[in-house]
Protein chains: 2
Amino acid sequence: MADLWEVISDPNRRQLVQLLGQGEKTVTELSVHFPVSRSAISQHLLFLVEVGLIRARKEGRNRYYSLKPEGVSKLQGMFERFWTNELDLLVTEAKEIHHNKGEM
Amino acid sequence: MADLWEVISDPNRRQLVQLLGQGEKTVTELSVHFPVSRSAISQHLLFLVEVGLIRARKEGRNRYYSLKPEGVSKLQGMFERFWTNELDLLVTEAKEIHHNKGEM
DNA sequence: TGGATAGGTTAGCGTACGCTAACGCATTTA
DNA sequence: TAAATGCGTTAGCGTACGCTAACCTATCCA
């Protein structure tokens with residue numbers, strides 16, 4: 001079974017999510033930004049539909065893809081569950097180190 | 001070249017990061033939590049060292065692995081760059097939808 | 001009606017990846 | 001000193017994945 005982590009493990013899929021963040025887009029509109037074939041993009045989009053992150057709206061010859069708010073929300077939840085308090089503490093620690101370096 | 005996204009694309013590596021969030025641990029201590037061999041865990045750890053997310057401290061026969069604050073910081077930065085404002089807006093939108101549903 | 005355009009489908013290819021098994025090297029303990 | 005323990009290294013295996021090429025369907029326009 002596919003999970004949301006797989007979505008963001010591929011660079012092209014990550015970029016697709018970001019592009020769709022700007023609003024709904026067709027496959028060819030999206031394909032322009034990638035070096036790979038339209039077919040490859042189409043397959044990525046179908047995968048994103050499958051995991052519930054985006055949806056497709058048909059209008060004439062075009063298919064407009066857009067992000068599903070619930071899907072994006074799930075994605076965020078996934079990140080938040082992963083990012084434990086311990087990790088957050090280490091980040092502030094890193095900032096302090098960097099800050100001290102800057103002062104020396 | 002390996003990047004930090006690859007780190008979190010594997011379930012076992014994600015769990016390793018979280019376990020190391022609790023403090024430094026040896027390979028065998030970590031291996032206990034996984035169904036795979038110690039060798040597999042060792043290879044994951046070497047990868048995490050390679051990308052600069054963790055470091056190893058040798059003490060006798062043991063090797064204590066721990067998170068590098070700068071590495072964790074980079075990981076956070078990576079997430080933050082990915083998570084655009086547009087995506088954030090969609091999340092609040094999702095919450096409103098869910099809220100309305102609850103009221104109906 | 002015929003071509004052009006948008007997009008889904010499928011087979012197949014190359015390759016990267018996670019894992020195990022087996023071994024080697026230190027270090028500790030009996 | 002011999003056995004045991006902790007860990008890294010390597011070869012090789014199976015498989016999943018991203019991609020292309022080729023084809024098909026549906027819709028639009030001349």
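Remember, it's a predicted structure, so these values are computed and weren't measured experimentally. In what follows, every chain begins at residue 1, and chains take the letters A, B, ... in the order their sequences are listed.
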Rounded distance in Å - [atom1] ([X]) to [atom2] ([N]):
{"X": "R14(B)", "N": "dC17(C)", "atom1": "CZ", "atom2": "P", "result": "16 Å"}
{"X": "D10(A)", "N": "dC17(D)", "atom1": "CG", "atom2": "C1'", "result": "9 Å"}
{"X": "D3(B)", "N": "dA16(C)", "atom1": "CG", "atom2": "C1'", "result": "14 Å"}
{"X": "R57(A)", "N": "dG8(C)", "atom1": "CZ", "atom2": "P", "result": "14 Å"}
{"X": "L16(B)", "N": "dG18(C)", "atom1": "CG", "atom2": "P", "result": "12 Å"}
{"X": "Y65(A)", "N": "dA6(C)", "atom1": "OH", "atom2": "P", "result": "14 Å"}
{"X": "N12(B)", "N": "dT20(C)", "atom1": "CG", "atom2": "P", "result": "9 Å"}
{"X": "E6(A)", "N": "dG18(C)", "atom1": "CD", "atom2": "P", "result": "12 Å"}

Discussion item. Taking side chain to side chain donor-acceptor pair (under 3.5 Å) as the cut-off, I'd like each qualifying pair that reaches into residues 46-63 of chain B, sequence neighbours left out, listed once.
Written reply: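 Side chain to side chain donor-acceptor pair (under 3.5 Å) check on residues 46-63 of chain B returns E24(B)-R57(B), R55(B)-S66(B), R57(B)-E59(B).
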Worksheet entry | Pairs meeting criterion side chain to side chain donor-acceptor pair (under 3.5 Å) with involvement of residues 28-39 of chain A, two or more places apart |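 Pairs touching residues 28-39 of chain A that pass the test: S39(A)-Q43(A).
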Discussion item. Donor-acceptor pair, distance only, cut-off 3.5 Å: does the side chain of R14(A) make one with the backbone of I8(A)?
Written reply: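 Side chain of R14(A) to backbone of I8(A): a pair is present.
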Worksheet item: Is the side chain of Q18(A) donor-acceptor paired with the backbone N or O of F82(B) at a distance under 3.5 Å, no angle test?
Response: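 Yes: the side chain of Q18(A) pairs with the backbone of F82(B).
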Worksheet item: Within the structure shown, what part of the strands sits under 4.0 Å from F47(A) by heavy-atom distance: base, sugar-phosphate, or nothing?
Response: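 Nothing, no nucleic acid heavy atom in range.
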So, taking the atom named [atom1] in [X] and the one named [atom2] in [Y], what distance separates them when rounded to the nearest 0.5 Å?
{"X": "K68(B)", "Y": "L48(B)", "atom1": "NZ", "atom2": "CG", "value": "11.5 Å"}
{"X": "L75(B)", "Y": "L53(B)", "atom1": "CG", "atom2": "CG", "value": "6.0 Å"}
{"X": "L19(A)", "Y": "Q15(A)", "atom1": "CG", "atom2": "CD", "value": "5.0 Å"}
{"X": "L45(A)", "Y": "L20(A)", "atom1": "CG", "atom2": "CG", "value": "7.0 Å"}

Can you check nucleotides 13-15 of chain D for protein contacts, nitrogen or oxygen pairs under 3.5 Å, and list what you find?
none

Worksheet item: Under 4.0 Å: is that the gap between some side-chain N or O of R13(B) and OP1 or OP2 of dG18(C)?
Response: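 The answer is yes; a side-chain N or O of R13(B) sits under 4.0 Å from OP1 or OP2.
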Worksheet item: Contacts to DNA chain C from residues 20-44 of chain B, heavy-atom cutoff under 4.0 Å, which residues?
Response: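 Heavy-atom cutoff 4.0 Å gives V36(B), S37(B), S39(B), A40(B), Q43(B), H44(B).
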Fill in: Partners passing ring-ring contact (aromatic ring centres under 6.0 Å, His included) against W83(B) (at least two apart in sequence or in another chain)
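Partners of W83(B) under the ring-ring contact (aromatic ring centres under 6.0 Å, His included) test: F79(A).
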Worksheet item: Residues in ring-ring contact (aromatic ring centres under 6.0 Å, His included) with F34(B), at least two apart?
Response: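 For F34(B), no residue satisfies ring-ring contact (aromatic ring centres under 6.0 Å, His included) once neighbours in sequence are set aside.
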Worksheet item: Minimum heavy-atom separation for D10(A) to N12(A), with atom names?
Response: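 For D10(A) versus N12(A), the nearest heavy atoms are OD2-N, 3.1 Å.
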Tabulated below should be each protein N or O lying under 3.5 Å from an N or O of nucleotides 27-30 of chain C; please produce it.
none

